[in-house]
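Remarks on the structure that follows.
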Amino acid sequence: MSVTVEERGKPNTQDYRVFFKNSEGKYISPFHDIPIYANEAQNIFHAVVEVPRWTNAKMEIATKDALNPLKQDVKKGNLRYVANVFPHRGYIWNYGAIPQTWEDPNHKDSDTGCCGDNDPIDICDIGNKVCSRGEVIKVKVLGTLALIDEGETDWKVIVINAEDPEAGDFNDIDDVRRIKPGYLEATVDWFKTYKVPDGKPENQFGFNGEFKDRDFAIKTVKSTHEFWKALVSKATSTGELNCEGL
């Protein structure tokens, strides 16, 4: 799918937005209008890069705004940045979300015992390329980590860009452990401590911080796609979420 982005306002301000357009130049929602699948038969998914690797500004899909542009998160009136928690610098992967997914805050996950966080499901792209903000990539799912963030289930799906030169070598979570030693441990450490500099306690995890494999992760992604279908069909409450587009 051909997608371009249009930036409005200045980066690092509360007015900054990144809007998305399709090949016809029509504005679209990265939450609702970009298909979840790049290749359904091969379980290749689309992902929207919100935060490029090594950067700190906490950009995210504005799920409550018309057209759901990217904008920087604001807490207590201030723009939000993640701290450099030694030895990490910013986000240690390209961080983003899979479109047409939703972690339902009304659904208690049977594995974690916690409800969803009301956002699209998150991805951590471990590929070699440092992506650009708003870039839409095709990804292979390798596994997932069950983060419990302030009492909510917040799945972190480990993926690799399907166009990465090494993508063929990665087919499951154990391949990450073998080819990129230390990366999974660093990922757990990052999510455990990234809010500590803000005065918050360490985050907790389901499954004692163990990564679940590719099949489990794909099942989880597909379940959040079903929650999204219920959301946009109004079968479940949309709350303040904006479901324009479609």
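Keep in mind that the numbers below use all heavy atoms, side chains included, and drop hydrogens, waters and symmetry copies.
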Quiz: residues 74-82 side-chain donor-acceptor pairs under 3.5 angstrom, not counting sequence neighbours:
{"residue": "Arg80", "atom": "NH1", "partner": "Asp73", "partner atom": "OD2", "Å": "3.0"}
{"residue": "Tyr81", "atom": "OH", "partner": "Asn12", "partner atom": "OD1", "Å": "2.9"}

Is a donor on one side and an acceptor on the other found under 3.5 Å between the side chain of [X] and the backbone of [Y]?
X      : Y      : result
Gln204 : Glu202 : yes
Asn94  : Lys129 : yes
Glu7   : Val18  : no
His107 : Gly116 : no
Asp164 : Gly127 : no
Arg89  : Phe86  : no

When you group the ILVMFWY residues by side-chain heavy-atom contacts below 4.5 Å and let the links chain together, are [Y] and [X] in the same group?
X      : Y      : result
Ile158 : Val221 : no
Trp228 : Val48  : yes
Val188 : Ile160 : yes
Ile137 : Val3   : no
Ile121 : Phe207 : yes

Q: Please work out whether the ring planes of Tyr95 and Phe191 are parallel, tilted or perpendicular, with thresholds of 30° and 60°.
A: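 Geometry flag for Phe191 against Tyr95: tilted rings.
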Distance, nearest 0.5 Å, that separates [atom1] of [X] from [atom2] of [Y]:
X      : Y      : atom1 : atom2 : value
Cys124 : Leu142 : SG    : CG    : 11.0 Å
Phe205 : Asp154 : CZ    : CG    : 10.5 Å
Arg177 : Asp174 : CZ    : CG    : 5.5 Å
Ile173 : Leu184 : CD1   : CG    : 4.5 Å
Ile36  : Ile44  : CD1   : CD1   : 12.5 Å
Ile28  : Asn22  : CD1   : CG    : 5.5 Å

Q: Walk me through it: do Trp102 and Phe31 pass the test ring-ring contact (aromatic ring centres under 6.0 Å, His included)?
A: CA-CA 9 Å; Trp102 182 52; Phe31 187 7; 8.1 Å; no
Any idea which heavy atoms bring [X] and [Y] closest together, and the distance?
X      : Y      : answer
Pro99  : Pro35  : CG-O, 3.7 Å
Arg133 : Ala57  : NH2-CB, 4.3 Å
Ile92  : Arg53  : O-NE, 3.5 Å
Lys140 : Ala167 : NZ-O, 2.8 Å
Cys243 : Leu231 : SG-CG, 4.0 Å
Lys156 : Asp122 : NZ-OD2, 2.7 Å

Q: Tell me, with the steps shown, if Leu241 and Lys64 meet side-chain contact (heavy atoms from CB on, under 4.5 Å).
A: CA-CA 4 Å; Leu241 299 184; Lys64 298 176 183 178; 4.2 Å; yes
Q | Electrostatic pair Asp189:Lys192 at N-O distance under 4.0 angstrom | A |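 Looking at Asp189 and Lys192, the cut-off is not met.
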Q) Is it true that Glu150 and Lys200 have a side-chain N and a carboxylate O under 4.0 angstrom from each other? A)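 Looking at Lys200 together with Glu150, the answer is yes, because their closest N to O distance falls below 4.0 Å.
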Is any side-chain heavy atom of [Y] closer than 4.5 Å to one of [X]?
X      : Y      : result
Asn68  : Phe20  : no
Thr63  : Pro120 : yes
Glu50  : Ile61  : yes
Phe170 : Val176 : yes
Cys114 : Glu152 : no
Tyr16  : Gln72  : no
Ile126 : Lys180 : yes
Val49  : Asp125 : no

**Q.** side-chain contact (heavy atoms from CB on, under 4.5 Å) between Phe211 and Thr187, worked out
**A.** CA-CA 10 Å; Phe211 286 84; Thr187 294; 4.1 Å; yes
Classify the side-chain pair [X]/[Y] by whether it contains a donor and acceptor separated by less than 3.5 Å.
X      : Y      : value
Asn84  : Asn56  : yes
Thr144 : Thr220 : no
Asn43  : Lys222 : yes

Q. Pick from His46, His32, Lys229, His225: which one makes a side chain to side chain contact (heavy atoms under 4.5 Å, CB included) with Gln100?
A.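 With Gln100 as partner, His46, His32, Lys229, His225 yield a single side chain to side chain contact (heavy atoms under 4.5 Å, CB included), made by His225.
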**Q.** More than 12 heavy atoms from other groups under 6.0 Å of NZ on Lys195
**A.**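 Yes.
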Q | Test log, rule side-chain contact (heavy atoms from CB on, under 4.5 Å), inputs Tyr91 and Trp54 | A | CA-CA 5 Å; Tyr91 286 71; Trp54 312 134; over 6 Å; no
Q.
Set out, in order, the CA-CA distance, both residues' side-chain angles and the distance that settles side-chain contact (heavy atoms from CB on, under 4.5 Å) for Trp93 and Ile123, then state yes or no.
A. CA-CA 9 Å; Trp93 350 253; Ile123 61 98; over 6 Å; no
